[in-house]
Amino acid sequence: ALPRYFANRIKWPYFFNRWVKESIAYNESVFRDTLPKVLADNHRPDCYYAHFNMPHEPFVFSAGGEPLQPLTGLTMEQYKRNYLSYLQYTNGRILSYVDQLLRVTRGQAIIILVSDHGFRGGAEAGMKSGVPFSCLQACYLPEGIQRSWSDSTTQVNLLRGLYNSMHIASLPFLRDTLFLPYSVKDR
């Protein structure tokens, strides 16, 4: 957290470069370390959680995987362009990862893919204020499990719906809620 503070506020090259390297290393370790655990499964129900810090800043790769430059001092147009390019890179990596999960589990895994927020640079660019609430929420269910929630269900009810669909529990849905812990203007 401290290197990111300096990178964002003071722009010290040492801290920024360290933050970039740590961000890349973290994401790569999640990709590298989770699939072997799934492969080693002994056919008992397990839950694996993988958190990717993508496409969060720093936006380091283009859609084709080449390093993006510059990473600091961006205009809003450059920021949006780098975000979109890194989002395309992220989509490719995640799709490949999910394909591998489906292959190694022979389609029997429940795969939930969610984001914690949408694009945060919208207010400065004149975008609608609801853009940060545009969270990705996708769920793959194996054959035989019927989804018990609607497309508009928010993440507060995702696991409740999943547990109900799997007949693990009979949980009432909560009021669908979205919030940001800060004002977009604080960025």
Side-chain angles (χ1 to χ4, degrees), residues 1 4 19-68 82-120 131-171 173-174 176-181:
R4 184 174 181 173
W19 176 45
V20 169
K21 288 176 187 175
E22 287 175 359
S23 179
I24 294 168
Y26 170 79
N27 288 322
E28 290 306 315
S29 72
V30 176
F31 280 117
R32 180 188 64 242
D33 296 343
T34 52
L35 280 176
K37 291 177 183 173
V38 174
L39 287 169
D41 188 1
N42 59 5
H43 303 291
R44 64 187 163 109
D46 282 325
C47 177
Y48 299 96
Y49 175 83
H51 175 265
F52 299 95
N53 199 19
M54 307 167 74
H56 281 265
E57 293 179 69
F59 309 136
V60 293
F61 295 116
S62 71
E66 300 85 18
L68 284 171
N82 282 8
Y83 170 80
L84 180 58
S85 192
Y86 193 47
L87 176 63
Q88 292 168 327
Y89 170 80
T90 300
N91 288 347
R93 293 293 307 270
I94 297 296
L95 284 173
S96 174
Y97 183 79
V98 169
D99 286 344
Q100 291 177 63
L101 281 174
L102 288 171
R103 189 175 63 254
V104 301
T105 64
R106 293 180 292 288
Q108 295 305 303
I110 295 170
I111 301 172
I112 300 171
L113 183 61
V114 296
S115 66
D116 55 349
H117 57 79
F119 179 63
R120 288 184 175 171
V131 173
F133 299 117
S134 301
C135 298
L136 169 68
Q137 180 170 289
C139 188
Y140 170 84
L141 299 174
E143 192 173 319
I145 300 178
Q146 297 299 313
R147 188 173 76 159
S148 68
W149 62 92
S150 72
D151 288 341
S152 63
T153 298
T154 61
Q155 293 174 12
V156 72
N157 285 312
L158 180 62
L159 290 179
R160 288 172 172 268
L162 179 61
Y163 294 158
N164 292 346
S165 295
M166 296 175 62
H167 308 289
I168 293 172
S170 181
L171 301 170
F173 283 98
L174 302 174
D176 283 313
T177 306
L178 299 169
F179 72 94
L180 280 178

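Since the structure is predicted, the reported quantities are computational estimates derived from the model, not experimental observations. Position 1 is the first residue of the sequence; numbering continues from there.
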Participant: Is any side-chain heavy atom of Leu141 closer than 4.5 Å to a side-chain heavy atom of Ile111?
Facilitator: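 In short, these two side chains do not touch, never coming nearer than 4.5 Å.
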Participant: Is there side-chain contact between Ile112 and Leu159, with at least one heavy-atom pair below 4.5 Å?
Facilitator: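 In short, these two side chains touch, coming nearer than 4.5 Å.
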Participant: Check for a donor-acceptor pair, side chain of Asp176 on one end and backbone N or O of Thr154 on the other, with a separation under 3.5 Å.
Facilitator: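 Looks like yes, one N/O pair under 3.5 Å.
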Participant: Please step through side chain to side chain contact (heavy atoms under 4.5 Å, CB included) for the pair Trp149 and Cys139, ending with a clear verdict.
Facilitator: CA-CA 11 Å; Trp149 62 92; Cys139 188; 3.9 Å; yes
Participant: Hey, mind stepping through Gln100 and Phe31 against side chain to side chain contact (heavy atoms under 4.5 Å, CB included) and telling me if it holds?
Facilitator: CA-CA 11 Å; Gln100 291 177 63; Phe31 280 117; over 6 Å; no
Participant: If you look at every heavy atom in Ala169 and Asn164, which pair is closest and at what distance?
Facilitator: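 Smallest interatomic distance, heavy atoms only, reads O-OD1, 2.9 Å.
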Participant: Could you state the interatomic distance from CG (Asn27) to NE2 (His51), rounded to the nearest 0.5 Å?
Facilitator: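 Nearest 0.5 Å value for the CG-NE2 distance: 8.5 Å.
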Participant: Could you check whether any side-chain N or O of Ser85 sits under 3.5 Å from a backbone N or O of Ala63, counting only pairs where one atom can act as donor and the other as acceptor?
Facilitator: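 Judged by distance alone, yes, a pair lies under 3.5 Å.
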Participant: Under 3.5 Å, is there a donor on one side chain and an acceptor on the other for Tyr89 and Arg93?
Facilitator: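 Yes, a side-chain donor-acceptor pair sits under 3.5 Å.
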Participant: Measure the spacing between CG of Asn91 and OG of Ser96 and express it to the nearest 0.5 Å.
Facilitator: 12.5 Å
Participant: Report the relative orientation of the aromatic rings in Phe61 and Tyr86; use parallel for angles under 30°, tilted for 30 to 60°, perpendicular for over 60°.
Facilitator: tilted
Participant: Look up atom OG1 in Thr153 and atom CG in Asp151, then write down how far apart they are to the nearest 0.5 Å.
Facilitator: 8.0 Å
Participant: What pair of heavy atoms forms the shortest contact from Arg147 to Ser150, and how long is it?
Facilitator: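 Shortest heavy-atom separation between Arg147 and Ser150 comes out as NH2-C, 4.4 Å.
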Participant: If you define the side chain from C-beta out and look only at heavy atoms, does anything of Trp19 sit under 4.5 Å from Glu57?
Facilitator: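 Counting from C-beta outward, Trp19 and Glu57 do come under 4.5 Å.
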Participant: Hydrogens and angles aside, do Thr34 and Tyr97 bring a side-chain donor and acceptor to less than 3.5 Å of each other?
Facilitator: yes
Participant: After noting the C-alpha distance and the side-chain angles of Leu68 and Asn82, does the key distance pass the side chain to side chain contact (heavy atoms under 4.5 Å, CB included) rule?
Facilitator: CA-CA 7 Å; Leu68 284 171; Asn82 282 8; 4.0 Å; yes
Participant: Got Pro142 and Ile110 here, is their nearest side-chain heavy-atom distance under 4.5 Å?
Facilitator: yes
Participant: Taking the six-membered ring for Trp, are Phe52 and Tyr26 closer than 6.0 Å centroid to centroid?
Facilitator: no
Participant: Give, for atom OG of Ser148 and atom CG of Leu171, the distance between the pair rounded to the nearest 0.5 Å.
Facilitator: 9.5 Å
Participant: Can a donor-acceptor pair be found, under 3.5 Å and without considering hydrogens, that links the side chain of Ser165 to the backbone of Gln146?
Facilitator: yes
Participant: Any side-chain heavy atom of Leu158 sitting closer than 4.5 Å to one from Leu162?
Facilitator: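 No, too far: nothing below the 4.5 Å cut-off.
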Participant: Any chance you could measure Tyr140, atom OH, to Gln108, atom CD, to the nearest 0.5 Å?
Facilitator: 7.0 Å
Participant: What's the spacing between Gln137 CD and Ser152 OG if we round to 0.5 Å?
Facilitator: 9.5 Å
